[in-house]
**Q** 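Can you read through this structure? Questions will come right after.
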2 protein chains.
Amino acid sequence: MKINGRHTRTIWLNADGWSLTVIDQTKLPHRFATLTLDSMTAAAQAIKTMTVRGAPLIGATAAYGLCLALREDASDEALERAYHVLIETRPTAINLKWALDEMMAGLRNIPRTERVAAAYARAGQICDQDVEICRRIGENGLALIRAVAAKKPGQRVNVLTHCNAGWLACIDWGTALAPIYMAHDAGIPVHVFVDETRPRNQGASLTAYELGAHGVPHTILADNAGGHFMQAGQVDLCIVGTDRVTANGDVANKIGTYLKALAAKDNGVPFYVALPHTTIDWTMPKGVGVIPIEERSAAEVLTMSGRLADGSVAVVEIAAPGSPAANPGFDVTPARLVTAFITERGVAPATAEGLLSLYPERR
Amino acid sequence: MKINGRHTRTIWLNADGWSLTVIDQTKLPHRFATLTLDSMTAAAQAIKTMTVRGAPLIGATAAYGLCLALREDASDEALERAYHVLIETRPTAINLKWALDEMMAGLRNIPRTERVAAAYARAGQICDQDVEICRRIGENGLALIRAVAAKKPGQRVNVLTHCNAGWLACIDWGTALAPIYMAHDAGIPVHVFVDETRPRNQGASLTAYELGAHGVPHTILADNAGGHFMQAGQVDLCIVGTDRVTANGDVANKIGTYLKALAAKDNGVPFYVALPHTTIDWTMPKGVGVIPIEERSAAEVLTMSGRLADGSVAVVEIAAPGSPAANPGFDVTPARLVTAFITERGVAPATAEGLLSLYPERR
């Protein structure tokens with residue numbers, strides 16, 4: 001997508017042919033800044049600190065993290081060591097494991113001397129494939145938005161989304177936002193209700209930023225407000241991304257997704273989850289109570305970062321000193337609340353059978 | 001309740017016998033400050049700016065606002081004028097109308113010379129009655145908490161609450177928090193999950209402050225997290241307050257309440273609404289789509305107030321400049337999602353019949 005009119009991805013290989021640049025997402029929306037990753041440790045740190053975030057981008061960054069590790073030491077031991085450091089950076093997004101396993105499968109049985117080149121080639125492919133996958137998710141989701149638009153000609157189509165599953169979460173296009181960008185570009189009057197997504201505010205800081213940069217009309221909401229707008233008939237459909245879908249169709253996504261899915265169900269609003277096949281965990285039969293949920297720092301709940309009147313960025317504490325807080329990063333939405341999945345292969349019900357109908361090779 | 005060991009109400013008559021002092025709730029939790037109300041305009045302003053908030057306290061402040069107006073001009077015209085200014089300060093809480101109507105009923109047909117004294121007497125009664133009502137709500141809710149505690153001896157009883165329906169929202173005790181204070185004082189190991197309650201953070205800034213001051217164990221959550229904790233079996237019951245209950249049992253309360261009620265229903269967690277009879281709008285047959293919902297400033301969503309590292313209080317902007325936001329202040333929880341009401345008369349199902357069983361004089 002474009003930043004100031006210039007086509008940009010979220011991660012790219014530098015002119016030196018080996019180091020990477022990523023957008024530092026912790027600085028948005030206040031400042032567009034980039035960060036160079038020149039070691040496996042730097043890549044792991046970027047994932048941990050959420051300089052990069054979003055399931056597909058986490059996977060891509062980890063893949064390049066392996067490349068950077070191999071540049072320093074291409075031995076089997078170093079490869080295994082790097083795998084274990086990288087896979088422990090974040091627990092919930094399954095794309096991380098998928099990308100690392102893909103890399104390992106291609107690297108384990110080739111000579112050390114060829115490993116670095118092979119690793120960079122495969123990481124580059126993972127990125128290019130993700131872009132193509134997101135483009136197809138966009139096309140498949142566009143058909144759903146087009147169908148809603150056809151039923152209310154001349155009126156805006158209102159989509160609610162939670163967190164950020166846009167191009168900043170991927171390499172380009174995004175998952176949940178790809179259909180929205182395509183609808184907007186196709187002239188459909190689409191408008192997005194953006195949950196601010198406390199505690200880290202990915203909606204207000206990343207999704208609103210993305211949509212604004214592309215000119216898509218949007219309105220930021222407190223996370224509390226989505227149910228009210230659905231009850232008032234002001235939301236036509238919800239589209240969210242996901243960090244892991246289990247074989248039965250349960251969906252792990254940013255904390256709060258479950259509450260919006262409940263409200264959608266209660267008000268007959270279709271609730272779609274957009275994902276690449278790399279987000280499906282075929283090894284896990286169900287998600288509720290099983291998918292590991294990252295417990296993040298209480299400080300994220302007790303503070304808020306933003307711009308002061310002079311334009312500088314500051315962190316403020318919002319509760320009384322010493323107040324305790326808990327901060328689960330994700331929740332699991334039961335498959336029964338999901339209308340359908342939108343993947344690069346098409347749209348299917350959120351059931352084991354629905355997933356297998358899109359990926360029959362998994363039967 | 002106590003502030004620094006000293007018994008305090010949220011509003012009190014000063015030694016001069018006519019002006020009022022209120023706790024300035026916009027300064028909490030960073031600073032305990034009070035504000036003098038010495039005119040009807042000051043009282044109206046305190047309600048509008050949420051210096052005072054919470055349905056019962058709004059009613060009490062408006063009652064004293066009428067007293068202050070009459071002190072300056074005890075004519076029928078001045079009385080009507082003050083009524084109309086005060087009733088338009090906030091649209092959702094019905095206690096405002098109840099308190100003003102109570103005052104008017106007692107003042108219209110008495111001589112001007114007696115009006116000021118009669119007004120202060122009635123406003124004082126409204127406050128004292130509210131304290132007694134909240135105490136009884138506490139006792140009736142305590143029985144429910146005691147029953148949960150009896151089923152899990154030695155383990156903590158986990159209550160989730162949204163926004164602030166504690167003593168800061170009332171004159172003393174609170175509605176939703178009164179049973180919690182009584183349970184704590186009775187030695188029941190009660191623990192409270194406190195929704196931060198964006199956009200104004202009444203949970204993190206007021207409820208956590210209140211509970212902390214009284215020594216009640218609590219944990220602040222992002223508004224997104226309650227569904228996850230209910231799904232994980234970590235919430236025994238929810239108790240919230242309300243700004244208006246319609247004759248069929250629909251509940252207007254702080255934006256986001258509806259989402260928690262949905263999660264409670266989905267997970268079999270009892271969802272109680274605590275209220276004084278003054279919050280029941282017997283004239284409104286149902287609430288969903290009918291109760292007027294206050295649309296507040298977008299700035300509340302786009303900013304956050306808190307303490308900087310040097311202890312000073314600052315406001316930060318969290319979204320990109322120019323991002324639009326919407327800010328409905330309340331939502332309506334359909335009666336079908338409410339397990340029961342807790343009032344000063346007892347506990348009853350959230351139905352028209354349930355309400356009438358507690359208030360048979362309304363049949």
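Letters A, B, ... mirror the listed sequences (proteins, then strands); counts begin at 1.
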**Q** Among Ala222(B), Ala326(B), Gly212(B), which residue forms the greatest number of heavy-atom pairs with chain A at distances under 4.5 Å?
**A** Ala326(B)
**Q** Do the side chains of Asn224(A) and His162(B) get nearer than 4.5 Å, heavy atoms only?
**A** yes
**Q** Tell me, side chain or backbone of Ala232(A) under 4.5 Å from chain B's heavy atoms, or both, or neither?
**A** neither
**Q** Measure the shortest side-chain to side-chain distance between Tyr209(A) and Ser323(B) over non-hydrogen atoms and say whether it is less than 4.5 angstrom.
**A** no
**Q** Has Arg307(A) got a side-chain atom pairing as donor or acceptor with Ala319(B)'s backbone, closer than 3.5 angstrom?
**A** yes
**Q** Given that the side chain runs from C-beta out, which part of Asp223(A) has a heavy atom under 4.5 Å from chain B: side chain, backbone, both or neither?
**A** both
**Q** What are the two closest heavy atoms between Ala314(B) and Val316(A), and how far apart are they?
**A** O-CG1, 4.2 Å
**Q** With a 4.5 angstrom heavy-atom cut-off, could you sort out which part of Arg336(A) is near chain B: side chain, backbone, both or neither?
**A** side chain
**Q** Chain B: which of Gly226(A), Pro328(A), Gly329(A) shares the most heavy-atom pairs with it under 4.5 Å?
**A** Pro328(A)
**Q** Between chain B and each of Ile220(A), Asn327(A), Leu308(A), count heavy-atom pairs under 4.5 Å; write down the option with the most.
**A** Ile220(A)
**Q** A side-chain contact here means heavy atoms from C-beta on lying under 4.5 Å apart; do Leu221(A) and Val301(B) qualify?
**A** no
**Q** Given that the side chain runs from C-beta out, which part of Ser305(A) has a heavy atom under 4.5 Å from chain B: side chain, backbone, both or neither?
**A** backbone
**Q** At a 4.5 Å cut-off on heavy atoms, which part of Pro217(B) comes close to chain A: side chain, backbone, both, or neither?
**A** neither
**Q** Is any side-chain heavy atom of Leu262(B) closer than 4.5 Å to a side-chain heavy atom of Leu259(A)?
**A** no
**Q** In terms of heavy-atom pairs under 4.5 Å, which option from His30(B), Gln231(B), Lys265(B), Lys254(B) contacts chain A the most?
**A** Gln231(B)
**Q** At a 4.5 Å cut-off on heavy atoms, which part of Pro199(A) comes close to chain B: side chain, backbone, both, or neither?
**A** both
**Q** Counting heavy-atom pairs under 4.5 Å with chain B, which one of Gly322(A), Pro321(A), Gly233(A) comes out on top?
**A** Pro321(A)
**Q** Please flag which part of Phe330(A) lies under 4.5 Å from any non-hydrogen atom of chain B: side chain, backbone, both or neither.
**A** backbone
**Q** What part of His218(A) is in contact with chain B, defined as an atom under 4.5 angstrom from a non-hydrogen atom: side chain, backbone, both or neither?
**A** both
**Q** Could you tell me which of Ala225(A), Pro334(A), Ser205(A) has the largest number of non-hydrogen atom pairs under 4.5 Å with chain B?
**A** Ala225(A)
**Q** Going by atom types alone, do Asp266(A) and Tyr258(B) pair a side-chain donor with an acceptor below 3.5 Å?
**A** yes
**Q** If we only count heavy atoms from C-beta on, is the Met304(B) to Glu196(A) side-chain gap below 4.5 Å?
**A** no
**Q** Would you indicate whether the side-chain heavy atoms of His228(A) and Val332(B) approach each other to under 4.5 Å?
**A** no
**Q** What part of Ile293(A) gets closer than 4.5 Å to chain B, counting heavy atoms only: side chain, backbone, both or neither?
**A** side chain
**Q** Measure across Ala325(A) and Thr219(B) and return the closest heavy-atom pair with its distance rounded to 0.1 Å.
**A** C-CG2, 3.6 Å
**Q** Counting only heavy atoms closer than 4.5 Å, note whether Leu302(A) contacts chain B via side chain, backbone, both or neither.
**A** side chain
